[in-house]
Amino acid sequence: MPNIKQPEASHYINGQYVEDNAGTELVTRYPATGEVVASLYAATNSIVDHALTAADAARASWAAMTGSERGRILRKAADIIRERNRELSVLETLDTGKPLQETLVADAASGADCLEYFGAIAAGLTGEHIQLGKDFAYTIREPLGVCVGIGAWNYPIQIACWKAAPALACGNTLVFKPSEMTPLSALKLAEILTEAGLPDGVFNVIQGYGETGGALVDDSRVAKVSLTGSVPTGRKVYAAAAKGMKHVTMELGGKSPLLIFDDASLDDAVSAAINANFYSSGQICSNGTRVFVQKGILPEFLARVKERTQKAIIGDPLDEATNFGPMISQAQFDITLSYIQKGIDEGATLVLGGKAHHKGGLYVEPTIFSDVTDDMSIAREEIFGPVMSFLPFDTEEEALRRANDTEFGLAAGVFTSDLTRAHRVVAAFEAGTCWINTYNLTPIEMPFGGTKASGVGRENAKAAIEHYSELKSVYVGMGPVEAAF
Ligand SMILES: NC(=O)c1ccc[n+]([C@@H]2O[C@H](COP(=O)([O-])OP(=O)(O)OC[C@H]3O[C@@H](n4cnc5c(N)ncnc54)[C@H](O)[C@@H]3O)[C@@H](O)[C@H]2O)c1
Ligand SMILES: CCCCC=O
């Protein structure tokens, strides 16, 4: 394991590292071996207060800068991230266990894209002029104030950037709390933003468990909360934010359907099903874990997916040849194996995998079930592990009804060569993010987010601006003013 040094301290506030070792210990381990990567402390009340005070103090002068000035800093940070992509990717691999092959292209790289995108549009964020006869109105686009970002562990630096970039472009300040399992890369992002010229206090990072997130959400200085996490956590955070009438963005879990019709390009659909279930060892919110396949092609499709999945290279995530790594934690490992057992117990047919990998550690074999029915736990609940379920279907109407029969609504995909059908199916999907003849591509230019229990609001693209700013309306009377008496 490369010697990635312990960060200078646990938290980054007001442009510098800050420590308070009265906080609960927070240890991060390399999931492939269990070795300790870094040992930090969760925020104490005083650290929470320090971070929010810094963000509050910085907000007036940051909001007063022009969009061009703010954008320039974000774009510079994007450049620095790209220069340091390998170092950041190694750190992300050590923290998450995701293969370096993935983190080199998907994590910090997406963060850089996001900073670049919002850096580029910051200068163009305006209100509008509305002519009303001889009177007129105009709107002023204002930042919300102090925002709080709370992250999940599967895409740590990407999540931090997806929240920081639009928040900062709009003139807000941010306190970001990474997942307790992946505390490291957000600190690097904070260093990089400072190096790019970000004023102190505009972006702050504090570590902690759920209670630290809760303390941030409850603070009256906070105007907006953006959470990436599970639906149960989302319900709690949304309710707490509602007490203070705060703005929210909720990026939550899913159990997304992927529909494969018999006229689809099978090679493409097989690749998509593999990406939609085994990338990041299945630890992706938008994964298409319910793979509905039209009955006529099911045997061949299943055989091809099985054959390709057997070629997964399971190994040390730092080895660039590895394309399938361990689960992030003992808890996620246990959850995944318990769902596999439920799948077997409830009558699904185990086609491949199903066990802890012989390599030891937290590896779970890529697992495929067929003969899955809609009522089985593996078809209804988010597993967040490498478990693919095949569900046969006959007709489009039937597949859609079953695909939508879930409390989740994060994502959905369809493979067909009939484009009319593709658009009809997508129009009927109850999901915030849909793909036709591909899966899980999330460019920054496209809004991302869920409907139903999977979320509120959208990240990325111009849509995110609406969630980090609000409009002040100004009516201008040109006279005369009339009255009834
Ligand atoms: N929709 C998306 O964009 C997206 C992206 C990635 C992950 N996810 C979802 O995230 C989940 C996996 O991540 P996880 O296990 O870290 O989720 P989680 O809900 O356990 O935790 C998410 C974050 O919330 C914090 N938290 C927990 N309780 C809190 C509380 N009461 N108040 C404030 N903060 C609290 C945690 O410390 C962590 O930082 C999956 O459900 C996955 O689908 C969604
Ligand atoms: C494909 C990246 C979406 C992030 C969710 O886990």
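Hydrogens, waters and symmetry mates play no part in the numbers below; they use all other heavy atoms, side chains included.
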Any residue meeting ring-ring contact (aromatic ring centres under 6.0 Å, His included) with F369, in chain and number order, not counting sequence neighbours: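 By the ring-ring contact (aromatic ring centres under 6.0 Å, His included) rule, F369 matches no residue at all.
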Y439: what forms a ring-ring contact (aromatic ring centres under 6.0 Å, His included) with it, not counting sequence neighbours? W435
Hey, are [Y] and [X] close enough side-chain-wise for a donor-acceptor pair under 3.5 Å?
{"X": "S39", "Y": "E25", "answer": "yes"}
{"X": "K163", "Y": "T228", "answer": "yes"}
{"X": "K255", "Y": "S454", "answer": "no"}
{"X": "T433", "Y": "R458", "answer": "no"}

Could you tell me the separation between the [atom1] atom of [X] and the [atom2] atom of [Y], rounded to the nearest 0.5 Å?
{"X": "R70", "Y": "C170", "atom1": "CZ", "atom2": "SG", "answer": "7.5 Å"}
{"X": "Q207", "Y": "Y41", "atom1": "CD", "atom2": "OH", "answer": "13.0 Å"}
{"X": "I192", "Y": "I80", "atom1": "CD1", "atom2": "CD1", "answer": "6.5 Å"}
{"X": "S286", "Y": "L410", "atom1": "OG", "atom2": "CG", "answer": "6.0 Å"}
{"X": "E365", "Y": "I314", "atom1": "CD", "atom2": "CD1", "answer": "6.5 Å"}
{"X": "I383", "Y": "N287", "atom1": "CD1", "atom2": "CG", "answer": "10.5 Å"}

Checking the side chain of [X] only, and the main-chain atoms of [Y] only, is there a donor and an acceptor separated by less than 3.5 Å?
{"X": "Q332", "Y": "F384", "value": "yes"}
{"X": "N172", "Y": "G145", "value": "yes"}
{"X": "K246", "Y": "V217", "value": "yes"}
{"X": "S256", "Y": "G288", "value": "no"}
{"X": "E102", "Y": "S280", "value": "yes"}
{"X": "Q283", "Y": "I328", "value": "yes"}
{"X": "R380", "Y": "D375", "value": "no"}
{"X": "N323", "Y": "I313", "value": "yes"}
{"X": "K306", "Y": "I368", "value": "no"}
{"X": "T322", "Y": "D316", "value": "yes"}

Are any non-hydrogen side-chain atoms of [X] and [Y] less than 4.5 angstrom apart?
{"X": "V202", "Y": "L193", "answer": "no"}
{"X": "N460", "Y": "C114", "answer": "yes"}
{"X": "D56", "Y": "T53", "answer": "no"}
{"X": "Y339", "Y": "S377", "answer": "yes"}
{"X": "T96", "Y": "P156", "answer": "yes"}
{"X": "D107", "Y": "K98", "answer": "yes"}
{"X": "M327", "Y": "P31", "answer": "no"}
{"X": "L189", "Y": "F176", "answer": "no"}

Going through the checks in order, is the side chain to side chain contact (heavy atoms under 4.5 Å, CB included) test met by I206 and L216? CA-CA 10 Å; I206 66 171; L216 289 170; 3.9 Å; yes
Hey, do the aromatic rings of F203 and W62 have their centres closer than 6.0 Å? no
With a 6.0 Å cut-off on ring centres, are W162 and F448 close enough?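 They qualify: ring centres under 6.0 Å apart.
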For atom [atom1] of [X], decide whether the heavy atoms of other residues, nucleotides or ligands shown that lie under 6.0 angstrom number more than 12.
{"X": "E211", "atom1": "CD", "value": "no"}
{"X": "N45", "atom1": "CG", "value": "no"}
{"X": "Y17", "atom1": "OH", "value": "yes"}

I'd like to know if [X] and [Y] make a salt bridge, using a cut-off of under 4.0 Å between side-chain N and carboxylate O.
{"X": "R82", "Y": "D113", "value": "yes"}
{"X": "E195", "Y": "R84", "value": "yes"}
{"X": "D218", "Y": "K243", "value": "no"}
{"X": "R221", "Y": "D49", "value": "yes"}
{"X": "R402", "Y": "D374", "value": "yes"}

Please evaluate residues R290 and T406 with respect to the criterion side chain to side chain contact (heavy atoms under 4.5 Å, CB included), reporting the C-alpha separation (whole Å), side-chain torsions for both, the decisive distance (0.1 Å), and the verdict. CA-CA 11 Å; R290 291 183 294 144; T406 168; 3.4 Å; yes
Heavy-atom pair of closest approach, residues I378 and A348: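 That closest heavy-atom pairing would be CD1-CB, 4.1 Å.
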Step-by-step side chain to side chain contact (heavy atoms under 4.5 Å, CB included) determination, V291 to V372: CA-CA 10 Å; V291 185; V372 177; over 6 Å; no
T103 pairs by side chain to side chain contact (heavy atoms under 4.5 Å, CB included) with which of N85, T93, L94? T93
